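The structure appears below as structure tokens.
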Amino acid sequence: MAGKKIGVLALQGDVSEHVRAFSAALTGEGEVVEVRSAADLAGCDALAIPGGESTTIARLIAESGLREAILSFKGGIFATCAGMVLVAASIDDTRFAPLGIVDITVKRNAFGRQRDSFEADLVVVGLDAPFHVVFIRAPVAAAAGPGVEVLAEIPQGIVAVRQGKHMVLSFHPELSGDLRLHRLFLAGL
Ligand code: GLN
């Protein structure tokens, strides 16, 4: 984990919370940078794609010229909430094309519009005790391909997966004060 450079996509969404959480998880080794252009992404070992509004982030990714850079990025991607929608292979929304990096089929706002946020103690593969999670207008994966390891699932659908170096979460670990998933991700880089 020593000396890793973690980029946080800083176009829209809860960017500063991700910067804080990764800075804490790195415990002084490595650095966290905000990514707004392909040049910012160069040299990063990982990219965090924060929660926010996936339609807006998709538009800003296209406008900033980052789409090609993210598609050819060799590092790990840590995608949360709106990030889960963006990295999916397919989504239930025709307004933008997801990046198709992680082989999951994603349903946006899967908890219903009346239920803006939802908390739970989630059992996650690879963690020895449940993880307290906050879902905010969250997506779920309705299906995951054979190369995808499902880390957590609830009745609404799949809420945490890994595919190679990538980790995809429909909730917000950067808001829970619990850095175990960040550390698990960093250990896999
Ligand atoms: N509902 C949002 C979307 O689909 C995601 C919400 C979030 O990131 N907290 O873009």
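All values below were derived from every heavy atom in this structure, side-chain atoms included, with hydrogens, water molecules and symmetry-related copies excluded. Only a predicted model underlies this, so the values are computations on that prediction, with no experimental measurement involved. In listed order, ligands and their atoms are each counted from 1. We're numbering straight along the sequence, starting at 1.
Glu149 has its side chain within reach of Val125: a pair of non-hydrogen atoms, C-beta onward, lies under 4.5 Å apart. Two residues are said to be in side-chain contact when any heavy atoms from C-beta on lie closer than 4.5 Å; Leu186 and Ile6 meet this criterion. Looking at Ser37 and Leu66, their side chains never come closer than 4.5 Å, going by heavy atoms from C-beta outward. Side-chain contact check for Val33 versus Glu31: some heavy-atom pair is nearer than 4.5 Å. Counting heavy atoms from C-beta on, the side chains of Leu181 and Leu169 come closer than 4.5 Å.
Every heavy atom of Pro139 sits 4.0 Å or more from the atoms of ligand 1.
In Asn109, the part holding a heavy atom less than 4.0 Å from any atom of ligand 1 is the side chain.
Close contacts of ligand 1 with Gly51, meaning ligand atoms under 4.0 Å from a residue heavy atom, involve 8 (O). Close approach to Glu53 involves these atoms of ligand 1, each under 4.0 Å from a residue heavy atom: 10 (O).
Among all protein heavy atoms, the one lying closest to atom 4 (O) of ligand 1 is Arg108 NE, 2.7 Å. In terms of protein heavy atoms, atom 10 (O) of ligand 1 is closest to Ser54 N, 2.5 Å. Among all protein heavy atoms, the one lying closest to atom 2 (C) of ligand 1 is Gly52 O, 3.6 Å.
Aromatic pair Phe118/Phe171: centroids not less than 6.0 angstrom apart. Here Phe185 and His166 keep their ring centres 6.0 angstrom or further from each other.
Annotation: Cys81 places no N or O atom under 3.5 Å from an N or O atom of ligand 1; distance criterion only. Polar contact with ligand 1: present for Ala82 (N/O pair, distance under 3.5 Å). Between Arg137 and ligand 1, at least one N/O pair is under 3.5 Å apart.
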